[in-house]
Amino acid sequence: MKEMRDNFYICPKCDFHSRIGSHDYFDLLYDDQEYQLHFEELQSEDFLQWEDLKTYRQRLDAVSEKSPVSEAISVASGKSNGKKLVVAAMDFSYIGGSMGSVVGERIARAIEFCIKKKAPLLIISKSGGARMMESAFSLMQLAKTSALLAKLAKAKVPYLSMLTDPTTGGVTASFAMLGDINFAEPRALIGFAGPRVIKETIKKELPEGFQTSEFLLEHGFLDFIVRRDQLKSRLHDVLHILQR
Amino acid sequence: MVFLEFEKPLETLYEQLDKIKQVGSEGDLNVKPMIKELESKIKAKSLEIYSGLSGWQKVQLSRHPERPYTLYYIEQMCDSFVELHGDRRFSDDKAIVGGLARINGTSFVVIGHQKGINTKMRQYRNFGMANPEGYRKANRLMKLAEKFDLPVVCMIDTPGAFPGIEAEERGQAEAIARNLMTMADLETPIICYIIGEGASGGAIGIGLGDAVYMFENTWYSVISPESCSSILWRSWDYKEQAAEALKLTADHMFEFGLVDGILNEPLGAAHTHPEEMAQSFKKHIKQQIARLSKIPKEELLNKRIAKYREMGQFVVKEEPVTPA
C-alpha cells in the first residue's frame with residue numbers, strides 16, 4: 001500500500017492508475033500539501049422524498065458515514081507550483097461521483113471564486129453522471145455549470161478539465177468537455193452513454209479500447225493524456241504559458 | 001384512433017357512437033338524442049380520465065403514436081418555412097430538423113427533434129434520437145439566428161441522445177455540452193418547448209433558454225422511467241414507480257421552478273385535436289417572441305444565466321462538515 005501511495009497510486013508493475021479520492025488529488029497538486037477547502041457547508045437534502053429500494057436520505061446517511069468526503073465534489077484553493085490554483089475534484093466513493101444540486105452549486109461557487117480571484121480552475125471529473133435521486137434538478141446542473149463556464153470564459157480565466165476513470169453521462173455532457181484544455185489520465189473510461197447501454201442498444205460487441213482516454217485522444221476530444229506522476233509539472237507548463 | 005390502456009373505457013363509448021351513427025345513416029330512426037347522450041358521456045369520461053393522470057400515463061401520452069411532432073407544428077403554424085440541413089462537418093442528422101420560419105410577419109429560427117410518423121419514417125428519424133451531428137446542426141442554426149438577430153424556438157421531443165458507437169466516436173457528450181455553453185450566452189432570445197418526451201441530456205442539448213414551457217402531457221427528466229427502474233430497482237418492472245418518484249410531469253416541473261409554464265392541451269391530449277393544439281402553440285410563440293424581443297440583450301443574457309444559477313436544492317449547514 002505504501003508503495004502504491006509513493007507511486008501516486010499507480011501500479012508499479014502494470015502502470016494501472018487506481019481510482020483515488022478528491023483529497024488525494026489535492027495532496028498531489030498543492031505545494032506542501034497545503035490547501036483550503038471551500039463550500040463544505042453545502043449539503044444534499046432529500047427534498048423530493050425519493051424512494052426506490054432505499055430512500056435517498058438513507059443513501060446520504062450511509063455514504064456520509066463511510067466516505068472521506070462531504071459530497072461528490074470538493075473544492076480547494078491554494079498554491080500549485082507557486083501559483084494560485086482552484087481545484088474542484090470529484091470522488092467516486094460518494095454515490096458514484098454523481099452530480100446533484102450540491103455538485104452544481106459547488107462548481108458554480110468555485111467558478112465565481114475564480115472570476116473574483118482571477119485564479120485558474122481545474123476540475124477533475126470522476127462520475128457516473130447525473131444523480132437520479134434529484135431528478136430534473138440534477139439534469140439542470142448540466143445547464144447551470146455550462147452557463148457559469150460561459151461566464152468564466154468571458155472573464156478569460158483559464159479552465160482546465162481533467163477526466164479520470166470513469167467520466168460518463170451528464171458530467172461528460174457538460175463541464176468535463178468544456179475545458180479550454182481537456183485531458184485525461186491513461187486508460188480511463190470516458191463517454192456519454194455507458195458501455196452496457198450502448199451494447200444493449202446496438203446489440204453488438206464493442207470494439208477493443210472503446211471509450212478509453214486513448215480512444216478519445218485519437219478521435220480528437222482530448223488535448224493530451226497525462227500520467228498522474230507528471231500531472232503537476234504538466235499543469236505548470238500549461239498555466240505558465242497561458243498566463244505568461 | 002389508437003387507445004392506450006387507460007383510455008379503454010373511451011374506446012367502448014366511441015365504438016357505440018360509431019354504431020349509432022351508422023344506424024342513423026341507414027334508416028329513418030331518429031338517433032340524434034342518443035348521439036347527444038353518448039357525446040356527453042364521452043366528455044364526462046374524458047374529463048374523469050384526463051384530470052387524474054399518473055406520471056406514467058403522461059409518459060405514455062407523450063409517446064402516443066398519433067402525437068403531433070415538430071414538422072407537423074411547423075407546417076400548421078408557419079406561413080413560410082425553409083428547412084436547412086447539415087452540420088457542415090459530417091452529415092445531416094434526421095432526428096433534429098431546423099430552419100428559417102415565419103409566423104404572421106415574425107421571423108425566427110426553429111430547431112426541433114423529429115420522430116417518424118410510420119415504421120419506415122421512425123427508422124429514418126432514428127426514433128428522435130439524435131447523433132452529435134444533430135446537436136451540431138442545431139448549434140450552427142443558433143449561431144445563424146444570433147448573426148441575423150432572429151429569435152430561436154426549440155421543440156423538444158426525444159427519448160434520449162443516441163447511444164451508439166459512432167455517436168461516441170464523434171463526441172455525443174461534447175456536442176451536447178457545447179450547445180449548453182452556446183445557448184447560455186447566445187445574444188438572441190431562446191424559447192424552448194417540451195412537446196413530447198424530454199429525456200435527459202438529449203433534451204437539454206437544445207433546451208436551455210430564456211423561457212422554457214412544457215406541454216401538458218409531456219415529461220422532462222434526468223432519465224427515462226424505464227432506465228431508472230432498471231438501475232435503481234434492478235428490474236424493468238418498476239417504471240410506474242420510477243415515473244412517480246422522478247416527479248417528471250409538467251405540473252411538478254413548474255412547481256419546482258425548473259420550467260416557466262405549462263401549455264394546456266385539448267381534452268384527450270394533443271393528438272385528438274392537433275389543429276387546435278397548433279393554434280394555441282402558434283399564439284404562444286408569437287407572444288413569447290414579442291415579450292422577449294423587447295428586453296435589451298445584456299439584460300436578457302444576465303437574466304438567463306441568473307435563472308440557471310438559481311436551480312438546485314440543498315441545505316447550508318451551520319457547522320461546516322470537516323471530512324476525516
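Being a predicted model, the structure only gives us computed values, none of them experimental.
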Non-hydrogen atoms of chain A under 4.5 Å away: do they reach the side chain of [X], the backbone, both or neither?
{"X": "B:Leu208", "result": "side chain"}
{"X": "B:Met253", "result": "side chain"}
{"X": "B:Arg170", "result": "backbone"}

Most chain B-contacting option - heavy-atom pairs closer than 4.5 Å, from [options]:
{"options": "A:Ile198, A:Thr201, A:Ile202", "value": "A:Ile198"}
{"options": "A:Ala136, A:Ala173, A:Ala150", "value": "A:Ala173"}
{"options": "A:Val102, A:Val197, A:Leu149, A:Leu48", "value": "A:Leu48"}
{"options": "A:Leu53, A:Asn182, A:Leu42", "value": "A:Leu53"}

Answer yes or no: does atom [atom1] of [X] have more than 12 heavy-atom neighbours from other residues, nucleotides or ligands under 6.0 Å?
{"X": "B:Arg122", "atom1": "CZ", "answer": "yes"}
{"X": "A:Lys151", "atom1": "NZ", "answer": "no"}
{"X": "B:Glu299", "atom1": "CD", "answer": "yes"}
{"X": "A:Glu218", "atom1": "CD", "answer": "no"}
{"X": "B:Lys297", "atom1": "NZ", "answer": "yes"}
{"X": "B:Tyr238", "atom1": "OH", "answer": "no"}

Straight-line distance of [X] [atom1] to [Y] [atom2], nearest 0.5 Å:
{"X": "A:Phe175", "Y": "B:Met181", "atom1": "CZ", "atom2": "CE", "answer": "13.0 Å"}
{"X": "A:Lys144", "Y": "B:Ile305", "atom1": "NZ", "atom2": "CD1", "answer": "13.0 Å"}
{"X": "B:Tyr220", "Y": "A:Met140", "atom1": "OH", "atom2": "CE", "answer": "4.0 Å"}
{"X": "B:Glu174", "Y": "A:Thr172", "atom1": "CD", "atom2": "OG1", "answer": "11.5 Å"}
{"X": "A:Glu134", "Y": "B:Leu246", "atom1": "CD", "atom2": "CG", "answer": "12.0 Å"}
{"X": "A:Arg196", "Y": "B:Ile231", "atom1": "CZ", "atom2": "CD1", "answer": "6.0 Å"}

Please flag which part of [X] lies under 4.5 Å from any non-hydrogen atom of chain B: side chain, backbone, both or neither.
{"X": "A:Glu51", "answer": "backbone"}
{"X": "A:Ala176", "answer": "neither"}
{"X": "A:Lys204", "answer": "neither"}
{"X": "A:Glu200", "answer": "side chain"}

Margin query: Closer than 3.5 angstrom, by distance alone: can the side chain of B:Glu168 be matched with the main-chain N or O of A:Ala193 as a donor-acceptor pair?
Written below: yes

Quick check for you: among [options], which has the greatest number of heavy-atom pairs under 4.5 Å with chain A?
{"options": "B:Leu180, B:Ile176, B:Val315", "result": "B:Val315"}
{"options": "B:Gln172, B:Arg309, B:Lys307", "result": "B:Arg309"}
{"options": "B:Leu248, B:Leu301, B:Asp185", "result": "B:Asp185"}
{"options": "B:Gln241, B:Glu310, B:Arg178", "result": "B:Arg178"}
{"options": "B:Ala184, B:Gly171, B:Pro163", "result": "B:Pro163"}
{"options": "B:Ile223, B:Ile165, B:Val316", "result": "B:Ile165"}

Could you tell me which non-hydrogen atom of [X] sits nearest to which non-hydrogen atom of [Y], and how far apart they are?
{"X": "B:Ala161", "Y": "A:Phe192", "result": "CB-CE2, 3.6 Å"}
{"X": "B:Val222", "Y": "A:Ser135", "result": "CB-O, 3.4 Å"}
{"X": "A:Ala143", "Y": "B:Ile204", "result": "CB-CD1, 3.9 Å"}
{"X": "A:Phe215", "Y": "B:Glu169", "result": "CZ-CG, 3.3 Å"}
{"X": "A:Ser101", "Y": "B:Gln313", "result": "OG-N, 3.0 Å"}

